[in-house]
A.B. asks: 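Attaching a single structure in structure tokens format; questions to follow.
Below, all heavy atoms of this structure are taken into account, side chains as well, without hydrogens, waters or symmetry copies. Protein chains get the first letters and strands the later ones, always in sequence-line order, with residue 1 at the start of each.
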Amino acid sequence: MKLSSMFLHTLKEDPRDAEVVSHKLMLRASMIKKLASGIYSYLPYGLKALKKVEKVIREEMNAAGAQEVLMPAVQPAEVWKESGRWNVYGKELLRFLDRKGGEFALGPTHEEVITSIVRDEVHSYRDLPVNLYQIQTKFRDEIRPRFGVMRSREFIMKDAYSFDIDDQGAEKSYDAMFKAYERIFSRCGLRFKPVEADTGPIGGNYSHEFMVLASTGEDIILSCGKCSYAANLEKAEIAKPESLDLKQAPEGAPEKVHTPGVRTVEEVCGFLGVTAKDLIKTLIYSTDNGIVAALVRGDHDVNEAKLKRAAGCETLELADEGTIEKFTKAPRGFAGPVGLSIKKIADFGLLDAGQNVTGANEEDYHLKNVWLARDAKVDLVADIRNAQEGDLCPRCSGGTLGAIRGIEVGHVFKLGIKYSKAMNASYLDVNGDLKPIIMGCYGIGVSRVLAAAIEQYADENGIVFPVPIAPYPVIVLPVSITDEKVMGEAKRIYDELNSRGVDTLIDDRDARPGVKFMDADLIGVPYRITVGARGLNEGVVEVKERSSGTVEKIPLGEVVDYCLARVNV
RNA sequence: CGGGGCGUAGCGCAGUCUGGCUAGCGCACCUGCCUUGGGAGCAGGGGGUCGGAGGUUCAAAUCCUCUCGCCCCGACCA
């Protein structure tokens, strides 16, 4: 491709509303263009990069035995009502009516559609297993899109769905996808980590996320320094204590203190001169299984997914002011376990606590010297808080958890029969018995992979594309386009590289060399061949490697082979 | 949805508080000269009606009301 005719308009300055490097650089490198909040066009250079990522994904998916399909972006409400998610999915599902008043939605994911296809087409165990995937535009009406295509509303996703006759088969399918994902992200040159994850509204019972490690990531990962355990914050467990008995309390009674207007943990600490660790936070939750009080140490945070499990409920949210007053007899900020008659679930972290400060269930009063074992009847002790740095590993002995940030680029789920049961996707087994198909689903955020790669591979001069996803692995840069010798040699190298299968750019713009160098750096081309009169006199050109910055002088006759050897991975 | 910030040319910004000449600067773009190994220089030029609507005023980018959009923090959500 000739830069003189390419639709590429780079920017010198950072656009104002870009925060993270990948967003800034994708805009500056003329890869994307915003149309509305969370909705982007891909310009030629960005699309080319996207296609490279897709190519890697396709190759590995096909190699793993999956077959490509393409499903509609617009989906009728009908299938969503069948699966039961029409009423569950919430505002992220963008709904609308067609001219006849029929209800439709823009697909945020395709479990319903694929399940309806497979249930019509598959009737026998002989048709299974099967794995179908697509690469397609999804729409999720995110409450707050941000960071460019990292978290956009419209985005490109590869989603695959596996169908098996039994759990053993489903396990194999899951495993095959897990391995394919490891190959995909490795080939893209990413530093990543698979972690155990919560399943969220997609459902199912087991899942892993693939996280690209980056300080700007929105997800927090906890991983053990000693063994291979790693999990998303929402899922991360904490080592189970040896005993679930509360610490024995001495004789005595809590002492009431006047704490006017003091509500938050910080305020209480400041007012009473204690630390957050000395406090017990009492959070009142409304659930489909009644009201519960969650007790955690003042410096810990409740993990709602864990609390749901412990409380045995499906839905759960922090109680509103009125509910709190009704059950604690005090406004928000003064709840405590002593004398509280609702179900109380205490966190492991409180097992060896004593002499705590808690709310008094009375406006403007707290209690000092509270011992859970003595003063409050706790119904259950469980793991209900977020893990944090320094916590003990749940899988090995002696390991501690560290926290790092990551960008979720892939997610694999075991769905079981959630959808096949709801939507009647079944098959006849060898014995002629009708059984539900066991499903799995596997997503990769294609556009997010691109953003994550740039997040991981950039420097002060711009993008540093890894070769496998570089839109163009090589750029030929003639220092002067008016020098016929220089231009002729540049053209020759450019043509030869292209004819030998290397996507190559040539900067044939009538611009000063400095401008060309800056642009080549900005757009992140891995190898730059500089052709100038100086070098030609010695019979050489210069090849600069973007990632290391090293420059080598290569004889004219060898430069094509030199590049081929570096670019064909 | 709550809090904060911002909409002036393709991009980055000044001007707004304290209304008043033809709305300005840098980058990008066009023409010419000159220059050609890390964002050159000179000269000339095109492009905006100040997010939108209404109002106040002799006069509105500037003041008032409404409205739309964008960004950040949070809540929410994968």
A.B. asks: Evaluate the side-chain proximity of Leu222(A) to Lys235(A): yes if any heavy-atom separation is below 4.5 Å, no if none is.
C.D. replies: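 Lys235(A) does not reach Leu222(A) side chain to side chain.
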A.B. asks: Say you pick atom P in A28(B) and the same atom in C17(B); how far apart are they, in whole Å?
C.D. replies: 33 Å
A.B. asks: With a 3.5 Å cut-off and just heavy-atom distances, do the side chain of Lys544(A) and the base of G38(B) make a donor-acceptor pair?
C.D. replies: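 Indeed, a donor on one side and an acceptor on the other fall under 3.5 Å apart.
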A.B. asks: Quick one: is Arg16(A) getting a side-chain N or O under 4.0 Å of the C71(B) phosphate, OP1 or OP2?
C.D. replies: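 For C71(B), OP1/OP2 do not have a side-chain N/O of Arg16(A) under 4.0 Å.
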A.B. asks: Ile221(A) and side-chain contact (heavy atoms from CB on, under 4.5 Å): which partner among Leu213(A), Leu401(A), Asn232(A)?
C.D. replies: Leu213(A)
A.B. asks: With both distances under 3.5 Å as the test, what is the Watson-Crick or G-U wobble partner of C1(B)?
C.D. replies: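 Across all strands, the one nucleotide that pairs with C1(B) is G74(B).
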A.B. asks: Hey, is the main chain of Arg528(A) close enough, under 3.5 Å, to the side chain of Arg546(A) for a donor-acceptor pair?
C.D. replies: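 Absent.
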A.B. asks: Could you check which nucleotide pairs with G7(B) in any of the strands shown, counting Watson-Crick or G-U wobble with both distances under 3.5 Å?
C.D. replies: C68(B)
A.B. asks: So, does the side chain of Asp14(A) form a donor-acceptor pair with the base of G12(B) at under 3.5 Å?
C.D. replies: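 When only heavy-atom distances are counted, Asp14(A) does not reach the base of G12(B) through any donor-acceptor pair under 3.5 Å.
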A.B. asks: Atom pairs, N/O to N/O, protein against nucleotides 32-35 of chain B, distance under 3.5 Å?
C.D. replies:
residue, atom, partner, partner atom, Å
U35(B), O2, Arg512(A), NH1, 3.0

A.B. asks: Between U36(B) and Lys516(A), is there an OP1 or OP2 to side-chain N/O distance shorter than 4.0 Å?
C.D. replies: no
A.B. asks: Counting only side-chain heavy atoms from C-beta out, which of C76(B), A78(B), G10(B) sits nearest to Asn232(A)?
C.D. replies: A78(B)
A.B. asks: Report yes if the side chains of Thr216(A) and Val21(A) come closer than 4.5 Å at any heavy-atom pair, otherwise no.
C.D. replies: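 No - every pair of side-chain heavy atoms lies 4.5 Å or more apart.
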A.B. asks: Of all residues at least two apart in sequence or in a different chain, which pass the salt bridge (Lys or Arg N to Asp or Glu O under 4.0 Å) check with Lys81(A)?
C.D. replies: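 In terms of salt bridge (Lys or Arg N to Asp or Glu O under 4.0 Å), with neighbours along the sequence ignored, Lys81(A) is linked to Glu103(A).
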A.B. asks: Tell me whether the OP1 or OP2 atom of C1(B) has a side-chain N or O from Arg144(A) closer than 4.0 Å.
C.D. replies: no
A.B. asks: Which whole number of Å gives the distance between the P atom of U22(B) and that of G32(B)?
C.D. replies: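 Going atom to atom, P in each nucleotide, I get 34 Å.
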A.B. asks: Quantified in whole Å, what is the P atom distance between nucleotide C13(B) and nucleotide C30(B)?
C.D. replies: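 Comparing P positions in C13(B) and C30(B) gives a spacing of 24 Å.
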A.B. asks: Please find out if less than 6.0 Å separates the ring center of Phe210(A) from that of Phe178(A).
C.D. replies: yes
A.B. asks: Mind checking Glu19(A) for me? I need base, sugar-phosphate or nothing, with any heavy atom below 4.0 Å counting as a touch.
C.D. replies: sugar-phosphate
A.B. asks: In the structure I gave you, are the side-chain heavy atoms of Val74(A) and Phe96(A) within less than 4.5 Å of one another anywhere?
C.D. replies: yes
A.B. asks: Within the structure, does a side-chain N or O atom of Ser37(A) lie under 4.0 Å from either OP1 or OP2 of C71(B)?
C.D. replies: yes
A.B. asks: Between Val515(A) and Glu234(A), which has a closest nucleotide on RNA chain B that is more 5'?
C.D. replies: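 Its nucleotide being nearer the 5' end, the pick is Val515(A).
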A.B. asks: Can you check the distance between U57(B) and U16(B), where both ends of the measurement are the P atom (answer in whole Å)?
C.D. replies: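 The answer is 24 Å between these two P atoms.
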A.B. asks: Quote, to the nearest angstrom, the P distance that separates C64(B) from A23(B).
C.D. replies: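 Result for the P pair: 23 Å, nearest Å.
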A.B. asks: Could you work out the separation of C11(B) and C29(B) based on their C1' atoms and round it to a whole Å?
C.D. replies: 12 Å
A.B. asks: Pairing check on U31(B): which nucleotide meets the Watson-Crick or G-U wobble criteria with it, both distances under 3.5 Å?
C.D. replies: A43(B)
A.B. asks: In whole angstrom, give me the gap between the P atoms of U56(B) and C76(B).
C.D. replies: 46 Å
A.B. asks: Could you check which nucleotide pairs with C17(B) in any of the strands shown, counting Watson-Crick or G-U wobble with both distances under 3.5 Å?
C.D. replies: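 By the stated definition (distances under 3.5 Å), nothing pairs with C17(B).
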A.B. asks: Of the nucleotides C72(B), U36(B), G12(B), which one has an atom closest to the side chain of Thr482(A)?
C.D. replies: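 Side chain of Thr482(A) sits closest to U36(B).
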A.B. asks: May I ask you to check whether Glu111(A) and Thr109(A) show a side-chain donor-acceptor distance below 3.5 Å?
C.D. replies: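 Glu111(A) vs Thr109(A): donor-acceptor pair found between side chains.
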A.B. asks: Any side-chain N or O of Lys12(A) below 4.0 angstrom from OP1/OP2 of G12(B)?
C.D. replies: no
A.B. asks: Can you tell me, in whole Å, how much space there is between the P of G47(B) and that of C68(B)?
C.D. replies: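 Pairwise P distance, G47(B) against C68(B), rounds to 34 Å.
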A.B. asks: Mind checking who U49(B) pairs with, Watson-Crick or G-U wobble, both distances under 3.5 Å?
C.D. replies: none
A.B. asks: Side chain of Pro15(A) only, heavy atoms from C-beta on: which candidate in U36(B), C11(B), A78(B) is closest?
C.D. replies: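 Closest of the options to the side chain of Pro15(A): C11(B).
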A.B. asks: I'd like to know if Arg528(A) reaches the base of G37(B) with its side chain, counting only an N/O donor and acceptor under 3.5 Å.
C.D. replies: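 Between G37(B) and Arg528(A), which were checked side chain against base, a qualifying N/O pair under 3.5 Å is absent.
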A.B. asks: Would you mind telling me which of C70(B), G38(B), G74(B) lies closest to the side-chain atoms of Asp17(A)?
C.D. replies: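 From the listed options, C70(B) comes nearest.
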A.B. asks: For G37(B), give its Watson-Crick or G-U wobble partner with both distances under 3.5 Å, or none.
C.D. replies: none
A.B. asks: Using heavy-atom distances to pick each residue's nearest nucleotide on RNA chain B, tell me which of Lys34(A) and Glu542(A) is more 5'.
C.D. replies: Glu542(A)
A.B. asks: Just how far, in rounded Å, is C1' of C72(B) from CZ of Phe147(A)?
C.D. replies: 10 Å
